[in-house]
Participant: 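My questions all concern the structure below.
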Amino acid sequence: MYDYQSRVEELDIEAFQTNLIQWFSEKHRDLPWRQDPTPYHVWVSEIMLQQTRVDTVIPYYQRFMEKFPTPDALAKADEQDVLKVWEGLGYYSRARNLQTAVQEVVEEYNGKVPDNPKELGNLKGVGPYTKGAILSIAYQQPEPAVDGNVMRVISRILRVEEDIAKQKTRKLVEGIISDIISREDPSSFNQGLMELGALVCKPKNPVCYECPLQDHCQAYKHDLQETLPIKSSKKKQKRKPYAVLIIRNEKGEILVQKRPEKGLLANLWQFPMISLEEVDFSSIIQWFRNEYGLQLELDQQVTNIKHVFSHLVWQLDVYAATVKDGTLAQDKGVFLDYSDLIQLPFPVSHQKMIPFI
DNA sequence: AACCCGGGGGT
DNA sequence: ACCCCAGGGTT
């Protein structure tokens with residue numbers, strides 16, 4: 001790997017810091033978690049912002065803080081209520097890990113979010129980025145907080161041509177930030193880099209003529225701003241076909257089931273779904289009687305849904321069905337009426353089926 | 001180091 | 001259709 005130390009030494013670090021922090025103070029967006037950046041506020045916002053856009057997060061953050069205004073409130077909450085507030089935001093393990101970690105803060109640290117890298121980094125769901133963000137933004141410590149924005153900005157400024165998908169490149173950039181971060185205002189410095197990445201130094205069509213760091217930028221100097229950063233592409237998703245059953249009993253209630261506590265969409269709820277790679281469609285009724293103990297009548301297909309995850313694609317054919325006979329086997333779900341069912345957290349793919357009930 | 005884990009929006 | 005997003009956990 002190329003040694004970027006000489007390029008850091010060529011930077012006018014004082015001017016870089018001043019230009020960046022001045023720009024941030026003038027141009028930053030007024031975001032809810034910036035109004036009172038307590039460690040808890042910063043923490044919750046950073047977890048929500050992982051792989052998620054600012055505009056998407058804003059209403060979730062506001063609802064979350066109304067419901068769980070303090071670490072204590074979140075620690076005591078029912079996990080299903082936390083997931084319900086998170087419903088639709090995705091990466092649900094973030095919510096479960098956050099609650100676990102906040103419970104640890106309440107029990108081990110008397111409710112005070114740790115202010116050192118070691119204890120902070122040991123909390124569930126707090127990785128290198130989130131740790132650095134809390135330390136710099138809430139505690140004004142000069143720690144790097146390297147997210148996708150910072151990777152892109154720094155790779156352009158210093159003409160880093162390594163693959164930014166690699167861990168090694170992130171560590172390289174952390175080292176660079178440690179060398180150039182403002183000791184006077186690490187919060188504005190780190191947030192400034194991220195804000196710059198979001199508003200100016202964008203992935204496509206960066207607005208270089210508005211950039212406060214133009215004079216420092218090697219990519220701009222060599223007209224490489226559209227070329228950098230270099231990122232290896234990920235492989236495409238696998239398709240998985242399923243039949244989903246909206247099953248109504250004689251009382252008009254609908255069968256729903258809780259997903260396993262580990263893996264994809266853990267602890268969320270769904271309508272029963274059957275892999276069409278494992279069960280042939282023509283034998284679903286028989287298969288269902290064996291597995292669930294219920295004799296069904298298949299009414300009609302009500303919709304089909306294509307749901308894209310980052311790593312796979314669900315192809316869902318949704319059918320209405322009616323219970324004709326039998327007793328539901330143990331741990332196979334529960335029949336609920338509509339008003340009870342909508343209290344539960346569903347992944348978006350299954351939320352889309354609720355209108356067809 | 002490679003893979004798993006959601007959902008939405010931009011182009 | 002493809003890329004991107006204020007990443008972290010597991011193996």
Side-chain angles (χ1 to χ4, degrees), chain A residues 24 28-29 31-34 37 41-61 83 86-98 100-101 120-134 136-138 144-153 163-171 173-174 177 187 190-199 201-206 226 229 231-238 259-260 262-268 270 305-314 345-352:
Chain A
F24 179 70
H28 71 266
R29 291 167 291 181
L31 301 173
W33 46 90
R34 286 180 174 158
H41 290 166
V42 173
W43 186 4
V44 172
S45 70
E46 293 300 345
I47 298 298
M48 286 187 172
L49 286 161
Q50 288 170 11
Q51 303 300 102
T52 310
R53 285 185 153 69
V54 166
D55 290 343
T56 305
V57 166
I58 290 173
Y60 281 93
Y61 176 84
L83 286 173
W86 211 271
E87 184 182 56
L89 198 53
Y91 285 97
Y92 300 92
S93 63
R94 294 183 296 177
R96 297 187 298 119
N97 288 342
L98 174 61
T100 301
L120 211 44
N122 280 332
L123 295 172
K124 200 88 171 164
V126 179
Y129 165 74
T130 304
K131 175 178 64 177
I134 294 171
S136 61
I137 299 171
V146 176
D147 70 341
N149 286 311
V150 176
M151 291 293 289
R152 183 172 59 255
V153 172
D163 181 359
I164 64 163
K166 303 246 186 256
Q167 273 185 53
K168 223 173 161 181
T169 312
R170 181 180 58 74
K171 294 198 172 187
V173 172
E174 283 178 351
I177 298 295
S187 169
N190 278 345
Q191 290 193 81
L193 284 177
M194 293 188 262
E195 197 80 340
L196 192 67
L199 300 180
C201 196
K202 299 181 291 182
K204 301 262 173 72
N205 306 316
E226 303 275 4
K231 186 176 187 179
S232 56
S233 56
K234 44 185 185 285
K235 57 178 188 184
K236 68 171 197 179
Q237 308 101 324
K238 272 190 166 173
R259 292 178 59 86
K262 286 191 178 299
L264 183 64
L265 303 168
N267 288 353
L268 274 73
Q270 67 178 14
I305 293 170
K306 181 181 142 188
H307 192 81
V308 180
F309 296 91
S310 49
H311 58 302
L312 63 92
V313 181
W314 276 355
F346 286 86
V348 167
S349 49
H350 284 251
Q351 276 182 59
K352 288 175 181 165

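Everything numeric in this text was worked out from a predicted model, so none of it was measured. Within every chain, numbering begins at 1; the chains are lettered A, B, ... in the order of the sequence lines, protein sequences first and strands thereafter.
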Participant: Measuring only the C1' atom in each nucleotide, how far is C:dC5 from B:dG6? A whole number of Å is fine.
Facilitator: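 To the nearest whole Å, 12 Å.
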Participant: For a quick check of understanding: with a heavy-atom distance under 4.0 Å over all strands, which category does A:Val54 fall into, base, sugar-phosphate or nothing?
Facilitator: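 Base, at least one base heavy atom under 4.0 Å.
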Participant: Does the A:Arg152 side chain pair with the main chain of A:Gly197, one donor and one acceptor, at a distance under 3.5 Å?
Facilitator: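 Judged by distance alone, yes, a pair lies under 3.5 Å.
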Participant: Should A:Ile58 and A:Leu31 count as side-chain neighbours, where that means a heavy-atom distance under 4.5 Å?
Facilitator: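 A side-chain contact under 4.5 Å exists here.
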Participant: Under 4.0 Å, counting only non-hydrogen atoms across every strand here, what does A:Leu89 touch: a base, just sugar-phosphate, or nothing?
Facilitator: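 Since a base atom lies under 4.0 Å of A:Leu89, the category is base.
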Participant: How would you label the contact of A:Arg259 with the nucleic acid (heavy atoms, under 4.0 Å): base, sugar-phosphate, or nothing?
Facilitator: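 Counting heavy atoms under 4.0 Å across all strands, no contact is made by A:Arg259.
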Participant: Assign A:Phe309 to base, sugar-phosphate, or nothing according to its heavy-atom contacts below 4.0 angstrom with the strands shown.
Facilitator: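 Since only primed, P, OP1 and OP2 atoms lie under 4.0 Å of A:Phe309, the category is sugar-phosphate.
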Participant: Should A:Phe346 and A:Leu265 count as side-chain neighbours, where that means a heavy-atom distance under 4.5 Å?
Facilitator: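 A side-chain contact is absent here, since even the closest heavy-atom pair is not under 4.5 Å.
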Participant: Which part of the nucleic acid does A:Ser349 contact within heavy-atom distance under 4.0 Å: base, sugar-phosphate only, or nothing?
Facilitator: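 No contact.
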Participant: Rounded to whole angstroms, how far apart are OH on A:Tyr91 and C1' on C:dG7?
Facilitator: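 In whole Å, C:dG7 C1' and A:Tyr91 OH are 8 Å from each other.
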Participant: For DNA chain B, whose closest nucleotide is more 5', that of A:Lys168 or that of A:Ala266?
Facilitator: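 That would be A:Lys168.
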Participant: If you only use heavy atoms from C-beta on, which nucleotide in C:dG8, B:dC5, C:dA6 is closest to the side chain of A:Gln50?
Facilitator: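 Given the options C:dG8, B:dC5, C:dA6, the side chain of A:Gln50 is closest to C:dG8.
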Participant: Does A:Tyr60 place a side-chain N or O at less than 4.0 Å from the phosphate oxygens OP1/OP2 of B:dG7?
Facilitator: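 Checking A:Tyr60 against B:dG7: no side-chain N or O falls below 4.0 Å of OP1 or OP2.
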Participant: Please determine if a side-chain N or O atom of A:Lys124 lies less than 4.0 Å away from the OP1 or OP2 oxygen of C:dT10.
Facilitator: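 Checking C:dT10 against A:Lys124, a side-chain N or O does come within under 4.0 Å of OP1 or OP2.
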Participant: Would you find a donor on one side and an acceptor on the other, under 3.5 Å apart, between the side chain of A:Thr56 and the backbone of A:Val54?
Facilitator: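 Side chain of A:Thr56 to backbone of A:Val54: no pair is present.
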Participant: Just by modelled atom types, is the A:Trp86 backbone N or O under 3.5 Å from a matching donor or acceptor in the A:Arg94 side chain?
Facilitator: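 No.
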Participant: Tell me which nucleotide among C:dC5, C:dG7, B:dG7 gets nearest to the side chain of A:Tyr92.
Facilitator: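 Among C:dC5, C:dG7, B:dG7, the one nearest the side chain of A:Tyr92 is B:dG7.
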Participant: Within less than 4.0 Å of OP1 or OP2 of B:dC5, is there a side-chain N or O belonging to A:His311?
Facilitator: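 Yes.
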Participant: When the nearest nucleotide of DNA chain C is assigned to A:Lys306 and to A:Leu49 on a heavy-atom basis, which residue is associated with the more 5' position?
Facilitator: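 It is A:Lys306, whose closest nucleotide lies nearer the 5' terminus.
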Participant: What's the gap between B:dG9 and C:dG8 when it is taken at their C1' atoms, as a whole Å value?
Facilitator: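 Looking at atom C1' only, B:dG9 and C:dG8 are 23 Å apart.
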Participant: Expressed in whole Å, how much space separates the C1' atoms belonging to B:dG8 and C:dG9?
Facilitator: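 It works out to 23 Å between them.
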Participant: Do A:Thr52 and B:dG8 share a donor-acceptor pair, side chain to base, under 3.5 Å?
Facilitator: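 No such pair is found, so the answer is no.
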Participant: Answer yes if the side chains of A:Gln50 and A:Thr130 hold a donor-acceptor pair under 3.5 Å, and no otherwise.
Facilitator: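 Side chains of A:Gln50 and A:Thr130: pair found under 3.5 Å.
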Participant: CG of A:Asp55 versus P of C:dC5: gap in Å, rounded?
Facilitator: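 After rounding, the gap between these two atoms is 15 Å.
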Participant: At 4.0 Å (heavy atoms only), tell me whether A:Gly197 reaches a base, stays on the sugar-phosphate, or touches nothing.
Facilitator: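 A:Gly197: no heavy atom of the nucleic acid under 4.0 Å.
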Participant: Anything under 30° is parallel, anything over 60° is perpendicular, the rest tilted; go ahead and classify A:Tyr61 against A:Trp33.
Facilitator: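 Taking A:Trp33 first and then A:Tyr61, their aromatic rings stand perpendicular (interplane angle over 60°).
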Participant: Sort out the partner of B:dC4 for me: Watson-Crick or G-U wobble, both distances under 3.5 Å, none otherwise.
Facilitator: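 The base-pairing partner of B:dC4, which may sit in any strand shown, is C:dG8.
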Participant: Where the side chain of A:Arg53 is defined as all heavy atoms beyond and including C-beta, which of C:dG9, C:dA6, C:dC4 is the nearest nucleotide?
Facilitator: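 That would be C:dC4.
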Participant: Regarding A:Ser93, tell me which of base, sugar-phosphate or nothing describes its non-hydrogen contacts under 4.0 Å with the strands shown.
Facilitator: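 Touches nothing.
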Participant: Are A:Ser310 and B:dC4 close enough that a side-chain N or O sits under 4.0 Å from OP1 or OP2?
Facilitator: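 No, A:Ser310 has no side-chain N/O under 4.0 Å of OP1/OP2 on B:dC4.
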Participant: Which is more 5' along DNA chain C, the nucleotide nearest A:Asn97 or the one nearest A:Glu46? Just name the residue.
Facilitator: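 The residue mapped nearer the 5' terminus is A:Glu46.
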Participant: So what does A:Trp33 touch, heavy atoms closer than 4.0 Å: a base, only the sugar-phosphate, or nothing?
Facilitator: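 Result for A:Trp33 = base.
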Participant: For the side chain of A:Tyr129, counting heavy atoms from C-beta on, which of C:dA6, B:dA2, C:dC4 is nearest?
Facilitator: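 That would be C:dA6.
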Participant: Starting at the 5' end of DNA chain B, which residue's closest nucleotide do you reach first, A:Arg94 or A:Gln167?
Facilitator: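 On the 5' side of the pair lies A:Gln167.
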